[in-house]
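Structure first, commentary second.
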Amino acid sequence: MTGGGKGNEYDEAPADEGTVVDREPDPSDSLRTWGAVTQALREHAGYSRAEFADLVRFSKHTVESVEQGRRMPDVTYVERADELLGNTGALRKSSQYVTRGRGDVGLAAWFRQWARLERVAVSLCTYECRVVPGLLQSRDYARAVFEGTVPVTPDDQLDSFMDRRMERQRMLSERPTTPFSFIVEEHVFRRRFGDGTRMRGLFDHVLELSAPRNVTLQIVPLEAGLHACLDGPVRLLETPKGQRYAYSEGQQNGRLICDAKEVSLLHQRYDTLRSQALNAKDSRALLERLRGELDL
C-alpha cells in the first residue's frame, strides 16, 4: 500500500498512504504457499513463532501474518529468514514470484513500483495536508487512523498494519545519508485524536523522528494562506541513477507519475511551498508550543 498517511508501509499501508493503499490484499496462492513453506522451515528448525520473530527482528504479529499469507514478505524479512533457515537462497529466489490476490491487482501493481523505488531512493520528499505522514506517525495515531477507515479494518489485522507502519519508519535512522523532507499543514497537527496523553505522544514521536540531520520537517502555518500545492498530497523521490518520480493519491486510488514534465512541475510546486513554510527550527518550535498547550 502506500507509505504516507492513512496507511503506507514498505509494501502496503492504508492511504498516505490512502486508506485502500495500506490495506492487506486478498491472499494469493503464491502468498499462502510461500508463507506455509517458511512456517514449515521455521518449525523444522525448532523455533517458536516468538523466538523467530526476535531473531528476524520483526514482531510476532508480522511473522504470523506472513506465514498465514496475509501480507507480502518484506525484503529485509526474506533475507533474515533465509539466513536463519538454512541460507540456501530458496526463500530469496521464491519470494520474487510471490503475488497478491486478484482483488487487489490494479492497486498492488502501482504501489509495489513506488515501494521498490522508495527503498533505493537517494532523496524522498513528502507533502501532506490530510494526516500526519505515515513515516512520522506514532503507534497510537496510526491505530486511530486504521480504526477510522471505511470499510472497517478487522481487529485481527490492526496490529499487523501498525507493526508494518512502525517497521517502515526505521528507514529514517537506518539511512542517515538519505535526505528526507516533510512539509505538513499546521492544521494536521491541530486535529485532535484520543486524549492529551496520546496527543503528547504524537508530538514527542514526530519531534524525535525529525531530529536527525537527514530529516527535515517544515510546517505550513495557518496564516500562510493559499499556495501552489492545493491540488493535494504528493511524494517525490530521486533514484541513484538520477531518475525522478512522483506519487499522488486520493479517494480509492493512487498514481505513480513517471512523465518527466509532470514530475518537474510537481518538484517546482514543492520547492515553492518549501519557501513558504516555516523553516525547520521554527517548525519544531511550533510543535513544542502545541504540545505545551496540552498541559494548560
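Along the sequence shown, the residues carry numbers beginning at 1.
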Does any non-hydrogen side-chain atom of [Y] lie less than 4.5 Å from one of [X]?
X: R291; Y: M199; answer: no
X: Y245; Y: T239; answer: yes
X: L158; Y: D155; answer: yes
X: L236; Y: L124; answer: no
X: T178; Y: M171; answer: no
X: L294; Y: F203; answer: yes
X: H227; Y: T272; answer: no
X: E185; Y: I219; answer: no

For [X] and [Y], indicate whether the former's side chain and the latter's backbone hold a donor-acceptor pair under 3.5 Å.
X: W34; Y: L91; value: yes
X: D140; Y: R198; value: no
X: Q39; Y: V66; value: no
X: S65; Y: H61; value: yes
X: Q218; Y: I183; value: no
X: R175; Y: A121; value: yes
X: S59; Y: T62; value: yes
X: E128; Y: R130; value: yes
X: R32; Y: G69; value: no
X: E186; Y: L222; value: yes

Identify whether [X] and [Y] are in the same connected component of the hydrophobic contact network (ILVMFWY, side-chain heavy atoms under 4.5 Å).
X: V145; Y: V206; value: yes
X: V132; Y: V215; value: yes
X: L85; Y: L31; value: yes
X: L172; Y: L202; value: yes
X: V37; Y: Y47; value: yes

Taking all non-hydrogen atoms of both residues, which atom of [X] and which atom of [Y] are closest, and how far apart?
X: T216; Y: A280; result: CG2-CB, 4.2 Å
X: V220; Y: A277; result: CG2-CB, 4.0 Å
X: R165; Y: G134; result: CD-O, 3.0 Å
X: A228; Y: R269; result: O-CD, 3.5 Å

From CA spacing to verdict: side-chain contact (heavy atoms from CB on, under 4.5 Å), V131, Y141
CA-CA 10 Å; V131 293; Y141 187 94; 3.6 Å; yes
Does R191 CZ have over 12 foreign heavy atoms under 6.0 Å away?
no
Counting only heavy atoms not in N87 (residues, nucleotides, ligands), do more than 12 fall under 6.0 Å from its CG?
yes
Is R244 salt-bridged to E262, cutoff N-O under 4.0 Å?
no
Lys/Arg-Asp/Glu bridge criterion (N-O < 4.0 Å) met for E118, R168:
yes
Any chance you could measure [X], atom [atom1], to [Y], atom [atom2], to the nearest 0.5 Å?
X: E147; Y: F193; atom1: CD; atom2: CZ; result: 10.5 Å
X: T177; Y: N214; atom1: OG1; atom2: CG; result: 7.5 Å
X: L290; Y: E293; atom1: CG; atom2: CD; result: 5.5 Å
X: L217; Y: K281; atom1: CG; atom2: NZ; result: 15.5 Å
X: L278; Y: L287; atom1: CG; atom2: CG; result: 10.0 Å
X: S138; Y: R143; atom1: OG; atom2: CZ; result: 11.5 Å

Answer with yes or no whether the side chains of S48 and R42 bring together a donor and an acceptor at under 3.5 Å.
no
Would H267 and E238 count as having a side-chain donor-acceptor pair, cut-off 3.5 Å?
no
side-chain contact (heavy atoms from CB on, under 4.5 Å) between T197 and R200, intermediate numbers included
CA-CA 5 Å; T197 299; R200 280 189 289 273; 3.6 Å; yes
Describe, in one word, how the ring planes of F52 and Y77 are oriented to each other, choosing from parallel (under 30°), tilted (30 to 60°) and perpendicular (over 60°).
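Plane angle over 60°, so perpendicular.
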Have a look at D163 and tell me which of R139, R170, K60 forms a salt bridge (charged side-chain N to carboxylate O under 4.0 Å, His left out) with it.
R139
Residues L117, L256; criterion side-chain contact (heavy atoms from CB on, under 4.5 Å); working and verdict
CA-CA 10 Å; L117 291 167; L256 176 66; 4.2 Å; yes
Quick one: do T38 and V78 satisfy side-chain contact (heavy atoms from CB on, under 4.5 Å)? Show the steps, please.
CA-CA 9 Å; T38 304; V78 172; over 6 Å; no
Using a 4.5 Å cut-off between side-chain heavy atoms of Ile, Leu, Val, Met, Phe, Trp and Tyr, which other residues end up in the same hydrophobic cluster as L265?
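Noted: L265 shares its cluster with no other residue.
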Would a line drawn from the ring center of Y270 to the ring center of Y127 be shorter than 6.0 Å?
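Not under 6.0 Å, so no.
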Walk me through it: do E208 and R284 pass the test salt bridge (Lys or Arg N to Asp or Glu O under 4.0 Å)?
CA-CA 10 Å; E208 178 182 358; R284 291 183 66 82; over 6 Å; no
